[in-house]
Amino acid sequence: MVTTKISLEVDELPKRWYNIVPDLPTPLPPPKDPEKGASRLQNLPDIFSMEVLKQEMSLDRYIPIPKQVRDLYIQAGRPRPLFRAKRLEKYLKTPAKLYYKSEFYSPTGSHKVNTAIPQAYYAKKQGIKRMVTETGAGQWGTALAYACSLLDLDLTVYWVRAASTWKKSRRHFMQLLGAKVFDSPSNHTQIGKELLRKDPQHVGSLGIAIAEAVQDAQADETAVYSLGSVLNHVLLHQSIIGLECQKQFKKIDTYPDVIISCLGGGSNFGGLAIPFLRDSIKEKRPIRFLATQSAAAPNLTGTYRYDYGDYAEQTPLLKMCTLGHRTSFKPIKADGLRYHGAAPIISALRHQGFIDTISYPQDETYVFDKAKIFLQTEGFLPAPESAYSITAAIDEAIRCKRKREHKTILFNVSGHGFMDMEGYEEKILRKNRSSQ
Ligand SMILES: *Cc1c(COP(=O)(O)O)cnc(C)c1O
């Protein structure tokens, strides 16, 4: 009898996050200012909370998770189970062993709660009254609204109009948690007003929404800005995912050969992979890392260079794999995979050959079909973004079948799809109906 669920006790929840920066093969290129114009780096203390900024620059290998954050992680359901996908393996008739991490158990439906909680905690501790952020798909806004609600902070969310107009339930969820939600571009910031003057129906972009949130936070001394992906401190907080997985694999005396997750800005991929990337760098463990993307925004295939994080060029320049900060991307249902740049840590490791990438067609039928297989075998409805992880895991398992390889594959299911039914309706049900 093979156990399909590998759990950790509450007191086995890791007590420290892991920071890979001091263990990278070469030093991480630091953020920098453009040659002309005002300093962006000098503004950072006005934008971020002190502890988050300290963590962003930290070279400490392990950073203790504060007791109250651990309590809130437990409240949010951590540690999360690791599942062996026995039923999916049987369906695929593969000799590969498939394991997935259940981030879909998060109370707001995604892994983003793992960084929302500590970011809100540090802001509160510093005496901050309000947090400001942007959201694309809506997952990050909801996660931060949840954390702000538990920690009694106000929250303002700038939400990319392209997504906000068709995701009514997500808006209601954020509002129920107490957040103020503005469609972006909005009339609340300079940059928003300028863009609306040119085009009152402007659909916005993540880069524009970031610019609005940064402007808002900078103008208010009692507010801090918060980002849900890309930055070092976000990947640090998300390392809880991979650290738990390492303990879980130890319990069953197993170790993965292949590690897969979807990548938008890099936080769930990084969170899962980073503790294992350490083993790959420091102990030369032979692991294949695979980041899955949409052909609509395959930022890991972009050039590795310094670029802005936002449309309005208010952020410092970050060295990352980028498609360009003014690029606009076709809408896709996996909206969380639509950002121009990948996290500097992941970009550096990609550039050094540690990480492979694959991108799936924009039409998304291919990945939604795989999500349906996962739902019908394992019983969980994945977020559209997570469908990209599942697709790569299934493709890899099929390859193992052809080559008769008994590989152990670990993938992350970063969120649930309960609020993404339109995607499933459009990509699967409607197609089925028209072919009947
Ligand atoms: C935001 C999001 C992603 C993509 O963002 P990353 O920072 O690359 O992880 C993936 N899955 C879900 C469920 C998300 O909400």
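Numbering of residues begins at 1 and proceeds along the displayed sequence. Whatever order the structure lists ligands and atoms in, that order sets their numbers, starting from 1. All of these numbers come straight from a predicted model, not from anything done at the bench.
For the pair Phe374 and Val413, the minimum side-chain heavy-atom distance is below 4.5 Å.
Nearest protein heavy-atom neighbour of atom 11 (N) of ligand 1: Ser414 OG, 2.7 Å.
Near Ser110, meaning under 4.0 Å from one of its heavy atoms, ligand 1 places the atoms 13 (C), 15 (O). Contact atoms of ligand 1 toward Gln139: 13 (C), 15 (O) (distance under 4.0 Å to a heavy atom of the residue). Close contacts of ligand 1 with Cys262, meaning ligand atoms under 4.0 Å from a residue heavy atom, involve 10 (C). Within ligand 1, counting atoms from 1 as listed, the ones closer than 4.0 Å to a heavy atom of Gly265 are 6 (P), 7 (O), 8 (O).
Comment: Lys101 engages Glu244 in a salt bridge, judged by a side-chain N to carboxylate O separation of less than 4.0 angstrom. The existence of a salt bridge linking Lys97 and Asp257 is excluded, since no basic side-chain nitrogen approaches an acidic carboxylate oxygen closer than 4.0 Å.
Under the 3.5 Å distance criterion, with hydrogens and angles disregarded, no donor-acceptor pair is assigned to the side chains of Gln246 and Tyr18. Residues Glu313 and His325 have side chains that bring a donor and an acceptor to within less than 3.5 angstrom of each other. Side-chain contact check for Tyr225 and Asp220: no donor-acceptor pair (N or O, by modelled atom type) lies under 3.5 Å.
Selection from Gly138, Ser229, Gly336 by nearest heavy atom to atom 4 (C) of ligand 1 gives Gly336. For atom 14 (C) of ligand 1, the choice among Lys112, Glu103, Gln293 with the nearest heavy atom turns out to be Lys112.
Of the polar atoms of Asn268, at least one N or O is found under 3.5 Å from an N or O of ligand 1, judged by distance alone. An N or O contact shorter than 3.5 Å is missing between Gly415 and ligand 1 by distance. Distances between N or O atoms of Gly264 and those of ligand 1 include at least one value under 3.5 Å. The shortest N or O to N or O distance between Phe269 and ligand 1 is not below 3.5 Å.
Proximity of the aromatic rings of Phe276 and Tyr255 is defined here by a centroid distance below 6.0 angstrom, and this criterion is met. In this structure, Phe83 has its ring center under 6.0 Å from that of Phe380. If you look at Tyr99 and Phe249, their ring centroids are closer than 6.0 Å.
Under a 4.0 angstrom heavy-atom cut-off, His111 registers as being in contact with ligand 1. A heavy-atom separation below 4.0 Å is not found between Ala137 and ligand 1.
Under 4.0 Å from ligand 1, the heavy atoms of Leu263 that appear belong solely to its backbone.
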